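The next block holds one structure in the form of structure tokens; read it before the comments.
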Amino acid sequence: MKRWLPSPMLSLMLWGLWLLLANDFSPGQMVLGVFFAWLIPVITEPFWLRRPRIVKPGKLVMFVLMVHRDILVANMAVAKLILSSPSQLRPAFVEVPLDTDNEFVITVLASVVSLTPGTVSADISADRRTLLVHGLDVEDSAALVASIKQRYEAPLKEIFGC
Amino acid sequence: MLSFALNAAFVMVGIAMLLGSWRVLVGPSLTDRVLALDTLYINSIALIVLFGIYLGTSMYFEAALLIALIGFVSTVAVAKYLLRGDIIE
Amino acid sequence: MSVWVEGLVAALILIGAGFTLVGSIGLVRLQDVYTRLHGPTKATTLGVGGIILASLVFFTAQTGVLSVHEVLITLFLFITAPVSAHLLAKTAMHRQEKKVQSTRGEPWQQ
């Protein structure tokens with residue numbers, strides 16, 4: 001099982017991706033998609049980082065929806081900042097201590113931080129313990145760190161169970 | 001209504017690309033220029049998708065997808081070169 | 001195509017183009033390279049997302065067949081935008097680009 005279907009989630013995603021790319025949901029494309037969805041994970045298995053299991057799929061859906069909402073709401077806020085008075089911005093570098101050492105979770109967290117406007121993840125320390133985040137308009141550095149940890153890191157840790 | 005929206009959008013994306021080109025030319029730093037180029041390729045995707053809607057054909061989808069792929073890879077390559085002085089170490 | 005669908009497509013196109021424009025205005029107006037990173041990587045990505053959503057609705061309504069392959073571009077942009085932003089931020093720190101006076105905190109040495 002492990003050898004012939006290394007990661008069912010990846011296979012499912014590849015299958016969906018193939019159907020989207022073909023833009024054709026006919027049986028023939030579905031069969032071809034199944035073939036690629038089986039072949040690619042088997043070939044690429046040695047290259048992958050260690051991936052955590054998704055412990056709580058329901059929570060993942062909620063998290064994705066929340067991130068989408070945040071992207072929309074915060075983009076409006078940033079648009080307003082850009083259009084009103086760029087000289088009165090309060091940019092800041094803040095360091096966010098991380099509670100997890102899983103590469104995959106850190107990557108997702110850094111991407112989410114970058115996608116929600118107002119913050120860009122700029123660097124990660126060599127020991128994978130601190131994330132450097134640049135904020136566009138930060139009122140209180142400690143509050144920003146707390147909100148990133150509580151809003152994004154805590155649910156991610158729960159979803160991947162680490 | 002749609003044709004008005006399309007024309008307005010063409011103008012807006014066009015202005016966005018002009019502003020991006022200004023940043024490419026003015027700089028001041030090399031990172032700024034790369035960032036502006038990154039923005040320009042994303043803008044060009046928007047322009048191509050809009051053009052596809054304008055002509056009513058989905059033929060341009062592949063072009064937009066290819067620009068997305070190549071644009072990302074070139075941004076990463078240039079950033080990596082500026083960062084490490086080499087692309088593949 | 002009904003008036004409602006046309007209105008929806010027009011609204012999505014205008015919202016998308018608006019965000020794209022805001023991203024580029026940010027690129028020109030903001031003060032240093034670190035703050036400039038914020039405008040294009042996110043506002044522009046969202047703007048293109050809006051335009052692509054419009055294209056999806058338009059072609060689905062036009063042909064009557066669900067046309068979802070445009071979602072791929074959005075998906076790809078949303079995955080790659082943080083990566084390029086991160087690399088450009090690292091590049092800026094490595095080259096020790098100037099930051100505005102009011103910035104609190106220090107960039108790391110690369």
Side-chain angles (χ1 to χ4, degrees), chain B residues 1-6 8-24 26-32 34-36 38-40 42-43 45-50 52-53 56-58 60-62 64-65 67-69 71-73 75-84, chain C residues 1 3 6-7 9-14 16-18 20-29 32-34 36-37 39-41 44-45 47-48 50-52 54-55 58-59 62-63 67 69-70 72-73 76-77 79-81 83-95 97-98 110:
Chain B
M1 183 163 48
L2 190 57
S3 65
F4 167 76
L6 272 173
F10 277 133
V11 172
M12 281 153 98
V13 177
I15 294 174
M17 291 186 83
L18 275 179
L19 294 177
S21 318
W22 184 80
R23 185 53 82 190
V24 173
V26 170
S29 70
L30 217 46
T31 321
D32 276 313
V34 182
L35 178 64
D38 188 68
T39 316
L40 274 180
I42 301 180
N43 285 347
I45 296 173
L47 207 56
I48 286 179
V49 173
L50 282 174
I53 300 177
T57 159
S58 61
Y60 292 93
F61 159 77
E62 271 85 6
L65 190 64
I67 290 183
L69 294 170
F72 169 65
V73 173
T75 303
V76 169
V78 176
K80 188 95 184 150
Y81 180 72
L82 291 180
L83 200 57
R84 311 284 299 179
Chain C
M1 205 186 303
V3 178
E6 211 181 305
V9 173
L12 281 171
I13 286 177
L14 285 180
T20 313
L21 185 57
V22 166
S24 289
I25 291 176
L27 191 65
V28 170
R29 280 192 80 187
D32 66 350
V33 66
Y34 301 103
R36 269 178 224 138
L37 268 177
T41 49
T44 309
T45 311
V48 175
I51 288 174
I52 284 169
S55 152
F58 177 80
F59 286 113
Q62 193 196 38
T63 55
S67 163
H69 61 179
E70 285 93 344
L72 276 179
I73 302 179
F76 187 77
L77 282 180
I79 294 172
T80 56
V83 179
S84 14
H86 183 88
L87 270 171
L88 286 172
K90 275 182 83 112
T91 310
M93 288 192 292
H94 173 69
R95 295 175 56 82
E97 308 287 11
K98 275 204 284 295
Q110 294 291 314

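Please read all numbers here as calculations on a predicted model, not as lab measurements. Per chain, numbering begins at 1; letters A, B, ... match sequence-line order.
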| message | Taking every non-hydrogen pair under 4.5 Å, which of B/I45, B/L30, B/V78 racks up the most with chain C? | response | B/L30
| task | Sort out for me which of B/L6, B/I15, B/N43 touches chain C most, counting heavy-atom pairs under 4.5 Å. | result |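 The answer is B/N43.
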| Should the pair B/F72 and C/F76 be assigned to parallel (<30°), tilted (30 to 60°) or perpendicular (>60°) ring geometry? | perpendicular
| field | Polar side-chain atom of B/R23 near backbone of C/V28 as donor-acceptor pair, under 3.5 Å | value |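 Judged by distance alone, yes, a pair lies under 3.5 Å.
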| message | Treating B/T39 as the side-chain partner and B/L35 as the backbone partner, does any N or O pair qualify as donor plus acceptor under 3.5 Å? | response | yes
| query | Does the side-chain contact (heavy atoms from CB on, under 4.5 Å) test come out yes or no for C/L77 and C/I73, once each step is laid out? | reply | CA-CA 6 Å; C/L77 282 180; C/I73 302 179; 4.3 Å; yes
Below 4.5 Å from any heavy atom of chain B, which atoms of [X] appear? Answer side chain, backbone, both or neither.
{"X": "C/V3", "value": "both"}
{"X": "C/L21", "value": "both"}
{"X": "C/Q62", "value": "side chain"}

| field | side-chain contact (heavy atoms from CB on, under 4.5 Å) between B/I42 and B/D38, intermediate numbers included | value | CA-CA 7 Å; B/I42 301 180; B/D38 188 68; 4.2 Å; yes
Contact origin within [X] toward chain C - heavy atom pairs under 4.5 Å:
{"X": "B/L40", "answer": "neither"}
{"X": "B/D32", "answer": "both"}
{"X": "B/T57", "answer": "backbone"}

| task | For residues C/A81 and C/T45, report the shortest heavy-atom separation together with the two atoms involved. | result | CB-OG1, 3.7 Å
| request: Evaluate side-chain contact (heavy atoms from CB on, under 4.5 Å) for B/V34 paired with B/L82, printing each intermediate quantity in order. | output: CA-CA 10 Å; B/V34 182; B/L82 291 180; 3.9 Å; yes
| Contact leader toward chain B among C/L27, C/I13, C/T44, C/V22, where contacts are heavy-atom pairs under 4.5 Å | C/L27
